[in-house]
Protein chains: 2
Amino acid sequence: MVGIKELAQKTGFSITTVSRALAEYSDVSAETRAFIRQTAREIGYQPNEVARQLRRQRSNTLGLIIPTYDHSFSEGFFSQLLHGIGDAAGDARYDVLISARSPGDDELEAYKRIVGGNRVDGIILARTRQHDPRIAYLKQVGHPFVVSGRTAPDEIPDFPYIDVDSQAGIYAVTQHLIAHGHRQIGLILPPPDVAYTDYRRRGYADALSDAGIAYQNEWVFSGDLRRSGGYQGMYHLLDHHPTLTAVVCSNDLMALGAMQAAQALGRIVGRDIAVVGFDDLFDAEYAHPPLTTVRQPIYEIGRRLVDLLIGIIQGHPPQETQILLPTELIVRESCGTHIGKGG
Amino acid sequence: MVGIKELAQKTGFSITTVSRALAEYSDVSAETRAFIRQTAREIGYQPNEVARQLRRQRSNTLGLIIPTYDHSFSEGFFSQLLHGIGDAAGDARYDVLISARSPGDDELEAYKRIVGGNRVDGIILARTRQHDPRIAYLKQVGHPFVVSGRTAPDEIPDFPYIDVDSQAGIYAVTQHLIAHGHRQIGLILPPPDVAYTDYRRRGYADALSDAGIAYQNEWVFSGDLRRSGGYQGMYHLLDHHPTLTAVVCSNDLMALGAMQAAQALGRIVGRDIAVVGFDDLFDAEYAHPPLTTVRQPIYEIGRRLVDLLIGIIQGHPPQETQILLPTELIVRESCGTHIGKGG
DNA sequence: AAAGTAATCCAAAACGTTTTGGGAGTCAAA
DNA sequence: TTTGACTCCCAAAACGTTTTGGATTACTTT
């Protein structure tokens, strides 16, 4: 083990001076500094980060705890978010500590261990659920954290977050369908405990209501946010309500599954039935037919979450710590905007 | 700050006894242990992980350094690998430290900081390149590590790795094309510095040679492993060699791009031209047409890398530390196996 | 020559744990 | 009564840094 002690011995200076030389303090002469640095390089001295973290009481590390079961992690949204987080953290010379735990008591334990154990300077929360106990814990202990996504609409979000106005997004895409003549429009939602589920439901319901169409419970299906959920949803909806001419899906993955189900049932997507999604994953553009969807800037959100968190950690948070980004309607072919137009 | 000192004070026992009580040592009475644990819970004591790591000289953390520029990270292979790594690490109660750095000198610095700085007990290397300096470094310092993928065929792989026999995989899929009548078959390769490029080239070359077909340099294109690389590759190949009836792509992402290019050029994939990939990403099955490809068990590889690494860290490595997994040919529609069969 | 100032350096404390190497008490066997 | 074994506990060292609070020397100014 070549530690600072060995380096001090080798150079003939004290541990203090070595430490201060490497840290560019002004009270060590340029000559000494150069000599120490040179020697450090020669003997391959590498400071022990753990000891340093202990002494400085900071780790230059951001934490991220992800649910293990979540297969949509390796597809789509989450990996793109992580990409943004990783890049921005790297740029700011922070590392990212990932702990994968299955949800439940164990999950909160992981937070306590990592946060209470001083392993990270701040933590990023994703996949918020309704009445999320993790948020309650982090607020209570007063550790820096930021959240990807708000709480559900009936909770007060008194913490820093970045979210997308998904209610407006779903409203826009639903309205687009209505404008092109659709009247019987199904909806595939995320599981009810997901925080943003109600925003998406409201966007859909508002668009219907504004067009004088009644919201019907049986046109709404709860999926699991994966392709399979969309498949099941579309299958179920078309089975019970074959007159539906459009289905709004809460994310692209489910929309892709839904398109497949529709095709399996003999309907041609974009002609017999319109399908729209949410996210604008890479796949959306290359889907067949290309998916009409609501774009949210996932990678960018990841980057901004990191900037926001680091700002908070370093004591200079931006003015706005609750950020709601707009979405953008991306019209492609899966909504077949010609249907119902009398054409 | 509520540390072990406060807990000792509160319970009236020494720091030693408190520490040993929480660690289930047998030399503290059951009664004392129960009392200490109860009090710990009450005052919300959470051991400082950093101090613990310093003292024990181990972090229960695995490291993973990823290149920032790599956009295929958020699509496809890498995120699926990470998913497997995260899950297996979580199961073994290890965390994963991710450092995203742009490649170059900086990248090796990141390794030195994390490995030499004792932040991780072991490290997982991915995206190996030819004559990879990271491998040389890790071998030299003798830190536990495992590699996803071997070195190039002309280097001696004297380290633990898990790879897939991609030469055999590409051979199989190329042979499949030949068996169905194709004679003019293009190849889209990864960039030349990628470690596995030559295996894929060889698999293709061998299949051609065994069928008495000459390997032609101008039928081979180097892509960037992303959709765009496949698109460019197919465009270039069909532009210069319009008589090609099939193109083998080194990964699914490029295959998806290649299919798009073919379609843009007015060819119907699976009828006018065969396209095959490698990986069997989720998207492959849902592509249009569904992609014929060579499956490798990416998630599983991630899991096994972790098991292997932890075995090495804990001093009981398995007998086999160099694992070559078989691939599986998945025939779908993009290879249109009816072409050229005289039908 | 004394006092002040600037430039270099360093011993020791501190960060919060775990582990080492016992010590004290009790009980049973010799 | 001594010895040994067993149970329960603890003081202090150790992990490898950074930081505090000076100390020493050399040079300048009075």
Side-chain angles (χ1 to χ4, degrees), chain A residues 1-37 39-40 43-61 112-121 141 143, chain B residues 1-37 39-40 43-61 112-121 141 143:
Chain A
M1 160 88 291
V2 39
I4 200 173
K5 204 186 301 185
E6 284 70 25
L7 183 52
Q9 220 134 28
K10 186 97 173 182
T11 56
F13 288 95
S14 73
I15 290 183
T16 306
T17 301
V18 169
S19 172
R20 296 179 78 84
L22 295 175
E24 307 266 23
Y25 275 70
S26 65
D27 67 354
V28 21
S29 75
E31 196 187 8
T32 308
R33 175 161 52 231
F35 175 59
I36 289 177
R37 312 202 108 189
T39 317
I43 68 176
Y45 168 68
Q46 199 68 37
N48 183 316
E49 282 296 326
V50 178
R52 178 181 277 190
Q53 282 176 27
L54 175 60
R55 172 62 228 219
R56 294 168 133 174
Q57 296 293 83
R58 108 181 104 84
S59 61
N60 271 44
T61 303
K112 289 185 177 170
R113 190 170 51 79
I114 285 179
V115 170
N118 270 42
R119 291 207 62 182
V120 299
D121 297 337
V141 298
H143 200 84
Chain B
M1 159 90 290
V2 39
I4 200 174
K5 203 187 301 183
E6 284 69 26
L7 184 52
Q9 220 135 29
K10 186 96 171 183
T11 56
F13 288 96
S14 73
I15 289 183
T16 305
T17 301
V18 168
S19 172
R20 296 179 76 85
L22 294 175
E24 306 266 22
Y25 276 70
S26 64
D27 68 353
V28 21
S29 75
E31 196 186 8
T32 308
R33 177 161 50 232
F35 175 58
I36 289 177
R37 312 202 107 190
T39 317
I43 68 175
Y45 169 67
Q46 199 69 37
N48 183 315
E49 282 296 327
V50 177
R52 177 182 278 188
Q53 283 176 24
L54 175 60
R55 172 62 228 219
R56 294 169 135 170
Q57 295 292 80
R58 111 181 101 83
S59 61
N60 270 49
T61 303
K112 290 185 177 168
R113 191 171 48 81
I114 283 179
V115 170
N118 270 43
R119 292 208 62 183
V120 299
D121 298 337
V141 298
H143 200 85

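Values below: every heavy atom of this structure, side chains too, minus hydrogens, waters and symmetry copies. In the text below, chain A, chain B and the rest are named by the order of the sequence lines, each starting its count at 1.
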What closest approach, in Å, do [X] and [Y] show between heavy atoms, and which atom pair accounts for it?
X	Y	result
A/S14	A/A8	C-CB, 4.0 Å
A/V120	A/S59	CA-OG, 3.4 Å
A/Q46	B/G117	CG-N, 4.1 Å

Checklist entry - Does a side-chain heavy-atom distance below 4.5 Å link B/L22 with B/Y45? => result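 A side-chain contact exists here, since the closest heavy-atom pair is under 4.5 Å.
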
Checklist entry - Tell me, do B/T61 and B/R119 make a side-chain contact under 4.5 Å, heavy atoms counted? => result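 They are not in contact (no side-chain heavy atoms under 4.5 Å apart), so the answer is no.
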
Checklist entry - Should the heavy atoms of other residues, nucleotides or ligands under 6.0 Å from CD of A/E31 be counted, would the total exceed 12? => result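 No - once you tally the heavy atoms of other residues, nucleotides and ligands closer than 6.0 Å, there are 12 at most.
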
Next on the checklist: Check A/R56 with A/E49, please: is the shortest side-chain N to carboxylate O separation under 4.0 Å?
Outcome noted: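 Between A/R56 and A/E49 there is no salt bridge, as every charged N stays at least 4.0 Å from the carboxylate O atoms.
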
Could you tell me the separation between the [atom1] atom of [X] and the [atom2] atom of [N], rounded to a whole number of Å?
X	N	atom1	atom2	result
B/E31	D/dT7	CD	P	16 Å
A/Y25	C/dA6	OH	P	20 Å
A/L22	D/dT19	CG	C1'	15 Å

Checklist outcome for this item: With sugar-phosphate taken as primed atoms, P, OP1 and OP2 and all else as base, the protein-contact string of nucleotides 10-17 of chain C at under 4.0 Å (heavy atoms; B, S, -) is BBBBBBBB

Say whether, by atom type as modelled, one donor and one acceptor occur between the side chain of [X] and the main chain of [Y] under 3.5 angstrom.
X	Y	value
B/S19	B/I15	no
A/T11	A/L7	yes
B/R33	B/S26	no

Next on the checklist: Any base atoms under 4.0 Å from A/S26, or only sugar-phosphate, or nothing? Heavy atoms, all strands.
Outcome noted: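 Nothing: the residue A/S26, judged by heavy atoms under 4.0 Å, touches no strand.
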
Next on the checklist: Could you go through B/T39 and B/V18, starting from their C-alpha distance and side-chain angles, then the distance that decides it, and tell me whether this counts as side-chain contact (heavy atoms from CB on, under 4.5 Å)?
Outcome noted: CA-CA 10 Å; B/T39 317; B/V18 168; over 6 Å; no

Checklist entry - Any side-chain N or O of B/S29 less than 4.0 Å from the OP1 or OP2 oxygen of D/dC9? => result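 Yes, such a contact exists.
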
Could you list, one pair per line, each protein nitrogen or oxygen that sits under 3.5 Å from a nitrogen or oxygen of nucleotides 25-28 of chain C, together with the distance?
none

Item to check | Helix axis bend for the helix from C/dA1-D/dT30 to C/dA30-D/dT1 - C1'-based end axes, five pairs, 10° rounding | outcome: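 Between the first-five-pair axis and the last-five-pair axis there is 70°.
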
